[in-house]
Amino acid sequence: MNNHQIKLVPLIQHTPKRRAIYKRFKKLTFKKLLVPSIIFFVILLFVCILGLFNANASEDKTSQQVKKHYSSIVIQPKDNLWGIAEKYVQYESIPSYVDNVKKLNNMNEDTIYAGKSIIVYYYE
């Protein structure tokens, strides 16, 4: 049997002339990409900053437009504070709303009675 040796030959021969061309190409490519990359990131940063200011401005507008209103309601049979809270709550949790309504009406417990009236609040 005959032993064959395989000699690996690189596809591109790196002669001194080719190395110089490659280095020049590498420098030109880096220089060509550096300025557009910097401009792109500056524009991206500017857009992000504008987005933050715009988000804050829209939050301020919504908070100014929403107003808290109070209303007196008459308790119906089978009503409870949790059910009433489910009807009126918007920007908080139901337990928090129930606690606030109890404070608003000087109540110590959750029990309410049909025919009585309580003050509730809602946002518009």
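As a basis for the values below, the full set of heavy atoms in this structure was taken, side chains included, without hydrogen atoms, waters or symmetry mates.
Aromatic ring orientation, Tyr121 versus Tyr70: tilted (interplanar angle from 30° to 60°).
Within the 4.5 Å cutoff, no side-chain heavy atoms of Val120 are placed close to those of Lys87. The side-chain heavy atoms of Ile84 and Ile112, taken from C-beta on, include a pair separated by under 4.5 Å. The shortest distance between side-chain heavy atoms of Tyr88 and Val101 does not fall below 4.5 Å.
Summarising the geometry of Tyr123 relative to Gln90, their closest heavy-atom pair is CB-OE1, 2.9 Å, with the distance given to 0.1 Å. Nearest heavy-atom pair, Leu81 versus Ile118, reported as atom, atom and distance to 0.1 Å: CD2-CD1, 4.0 Å. Smallest separation of non-hydrogen atoms from Asp79 and Val74: OD2-O, 4.5 Å.
Considering CG of Leu44 and CD1 of Ile39, their distance stands at 13.5 Å, rounded to 0.5 Å. We find the CG-OH distance between Asn100 and Tyr97 to be 9.0 Å, quoted to the nearest 0.5 Å. Distance CD1/Ile38 to CD1/Ile43: 12.0 Å, rounded to 0.5 Å. Put simply, OG on Ser117 and CD1 on Ile73 are 9.0 Å apart, with the number rounded to the nearest 0.5 Å.
Within 6.0 Å of the NZ atom in Lys68, the count of heavy atoms belonging to other residues, nucleotides or ligands exceeds 12.
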For Trp82 and Val98, run side chain to side chain contact (heavy atoms under 4.5 Å, CB included): C-alpha distance rounded to whole Å, both residues' side-chain angles, the deciding distance at 0.1 Å, then the answer. CA-CA 7 Å; Trp82 295 88; Val98 169; 4.0 Å; yes

